[in-house]
Amino acid sequence: MARYNKRAAIPMLGIMSTSSPTHWLPTNTFAGKRAFVTGGGTGLGLEISRGLAALGAHVTIASRSKEHHLGFLTEASKEGWDAGAVVLDVREDPSVREAIDTFCEQHGGIDILINNAAGNFVCPAERLSSNAWRSVLGIVLDGTFSCSKYAGRHMIAGDGGVHLNVVATYAWTGMPGVVHSASAKAGVLAMTRTLAAEWARHGIRVNAIAPGPFQSEGAAGNLWPDETIEERMREAIPAKRFGTTEEMATHALYLCSDAAAYITGECMVIDGGLSLASGRMWEPGETLKRKRDKD
Ligand code: COA
């Protein structure tokens, strides 16, 4: 049976929201803003880039592979969005500096930084090579800091701005198989709160989103490689469904918008209740049923 709150036009927990993230904010929300999105050519980064551009921002996406630029740039030219792209490995601090300095020279500054670039795969901790650990920490933790620092310098010299970091709930719950990613995301969460407190006086807001499992190419291949694992994960989510990329992007856009002007250092969890359920000892309804059985 369809469950949809028509009056408020808000999809309820168990029903998938397929509406575009741009549906929820006014069309000129990001008019005149200049945004730099790492990992902006695929998955969640692409969805956030599309949303920012459709709502009026100039958007430059940064990713290691030129091939990953193509989809966004093609769509941008069709839609008339103001868009650019740069080849960048966020692990290379001098390249990050050069990319952000060049962006600011070309556009007169930077207003929005989306730290979305990530690397992840499931591997037992005792088998993780030091190179594998370094790769993920380098992308997620070091890369986020380099981008934050260089964008932050321009924002401090300019009119402030917004940073949005993508973390994961296992930054605080932990999760077997992803010690590299969990450790890196925990660092990014601490960075989010620290920079929020440190840079609020410069008019810079720093927030994070923590998506639960959602359907995207990278996640599906790396985190739930077969259907049995996928089904087990779905079962564990109280909402009994995965999120959508659009749902994740919606909240990222909200946190970057002036609607969230008084929010900083926050991490918005978007996971259908998964992180609340991780320590549960019985299934919902079970305790009530047992009590009724006794009565
Ligand atoms: N399981 C175990 N180890 C893995 C691995 C996996 N699935 N994937 C990579 N590694 C290890 C490599 O073996 C290597 O270690 P080694 O030199 O000791 O063998 C190390 O990680 C670096 O891998 P490599 O592919 O050489 O480096 P890279 O820097 O080009 O890429 C990633 C590393 C993580 C970015 C890469 O796996 C990747 O591109 N992943 C897809 C993107 C992604 O993860 N997006 C996020 C989705 S949630």
Side-chain angles (χ1 to χ4, degrees), residues 34-53 57-77 81 83-107 110 112-123 128-152 154 163-168 178 180-185 187-188 191 208-209 211 214-223 225 245 248-249 252:
R34 300 145 299 183
F36 191 89
V37 184
T38 68
T42 53
L44 177 56
L46 174 60
E47 199 57 42
I48 295 171
S49 300
R50 298 172 74 228
L52 287 167
H58 163 83
V59 179
T60 286
I61 59 169
S63 60
R64 283 189 293 170
S65 156
K66 228 175 178 177
E67 282 163 32
H68 287 169
H69 296 168
L70 206 61
F72 177 66
L73 293 179
T74 306
E75 185 176 4
S77 101
W81 298 337
V86 61
V87 172
L88 179 66
D89 186 334
V90 294
R91 288 173 287 193
E92 292 165 13
D93 182 86
S95 309
V96 171
R97 181 179 191 165
E98 193 189 332
I100 291 180
D101 285 354
T102 303
F103 175 92
C104 290
E105 266 164 36
Q106 287 170 348
H107 301 284
I110 179 168
I112 298 170
L113 169 69
I114 310 288
N115 280 310
N116 165 76
N120 201 5
F121 48 82
V122 176
C123 182
L128 193 70
S129 76
S130 56
N131 192 37
W133 166 269
R134 201 51 262 152
S135 276
V136 172
L137 269 282
I139 298 169
V140 176
L141 187 57
D142 301 353
T144 298
F145 181 63
S146 295
C147 293
S148 301
K149 180 170 77 174
Y150 296 121
H154 286 281
H163 294 210
L164 192 280
N165 300 329
V166 179
V167 300
V178 290
H180 44 356
S181 177
S183 305
K185 297 286 190 185
V188 173
M191 198 188 306
I209 56 169
F214 65 98
Q215 296 290 3
S216 81
E217 237 174 72
N222 290 319
L223 300 178
T245 314
M248 306 305 146

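One-based numbering along the sequence shown. We use all heavy atoms of the structure for the numbers below, so side chains are in, but hydrogens, waters and symmetry mates are not.
Annotation: side chain of Ile209 is in contact with side chain of Leu164 (closest heavy-atom distance under 4.5 Å). You'll find the side chain of Val86 stays beyond 4.5 Å of the side chain of Thr102, heavy atoms only. With a 4.5 Å cut-off on side-chain heavy atoms, Asp93 and Tyr150 count as touching. Between Ile110 and Phe103 there is a side-chain heavy-atom pair separated by less than 4.5 Å. Considering only heavy atoms from C-beta on, Leu141 comes within 4.5 Å of Met191 through its side chain.
Atoms OG1 and NE2, from Thr42 and His69 in turn, are 10.0 Å apart once rounded to the nearest 0.5 Å. With rounding to the nearest 0.5 Å, the separation of CD1 in Ile48 from OG1 in Thr38 is 9.0 Å.
Checking Ser95 against Asp89 by side-chain atom types alone, no donor-acceptor pair falls below 3.5 Å.
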Pair Val188-Asn115, side chain to side chain contact (heavy atoms under 4.5 Å, CB included): steps then yes or no: CA-CA 10 Å; Val188 173; Asn115 280 310; over 6 Å; no
Give the C-alpha distance, both sets of side-chain angles, the deciding distance and a yes or no for side chain to side chain contact (heavy atoms under 4.5 Å, CB included) between His107 and Thr60. CA-CA 10 Å; His107 301 284; Thr60 286; 4.2 Å; yes
Leu88/Phe36 under side chain to side chain contact (heavy atoms under 4.5 Å, CB included): CA gap, chis, key distance, verdict: CA-CA 12 Å; Leu88 179 66; Phe36 191 89; 4.1 Å; yes
Ser148/Leu113 under side chain to side chain contact (heavy atoms under 4.5 Å, CB included): CA gap, chis, key distance, verdict: CA-CA 8 Å; Ser148 301; Leu113 169 69; 4.2 Å; yes
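In this structure, Cys147 and Val90 approach most closely via the heavy-atom pair SG-CG1, 3.9 Å. Across every non-hydrogen atom of Ala118 and Val140, the tightest pair is CA-CG2, 4.0 Å. Shown here for Ser49 and Gly40, the closest heavy-atom pair between the two residues is OG-O, 3.5 Å. Residues Leu44 and Met248 come closest through the heavy atom pair CD1-CB, 3.5 Å. Of all non-hydrogen atoms in Ile139 and Gly119, the two that sit nearest each other are CG2-N, 4.0 Å. Closest approach of Gly84 and His58 over heavy atoms only: N-CE1, 3.8 Å.
Residue pairs meeting the salt bridge (Lys or Arg N to Asp or Glu O under 4.0 Å) criterion with at least one member in residues 141-151, sequence neighbours excluded: Arg134-Asp142.
Judged purely by atom type and a 3.5 angstrom limit, Asn116 uses its side chain to pair as donor or acceptor with the backbone of Gly39.
With sequence neighbours excluded, the residues forming a side-chain contact (heavy atoms from CB on, under 4.5 Å) with Ser135 are Arg91, listed by chain and number. For Asp101, the salt bridge (Lys or Arg N to Asp or Glu O under 4.0 Å) partners at least two apart in sequence or on another chain are Arg97. Qualifying salt bridge (Lys or Arg N to Asp or Glu O under 4.0 Å) partners for Arg50, counting only residues two or more places apart in sequence or in other chains: Glu47, Glu75. Arg64 meets the salt bridge (Lys or Arg N to Asp or Glu O under 4.0 Å) test with no other residue; sequence neighbours excluded. Residues passing the side-chain contact (heavy atoms from CB on, under 4.5 Å) test with Leu128, sequence neighbours excluded: Phe121, Cys123, Ala132, Trp133, Val179, His180.
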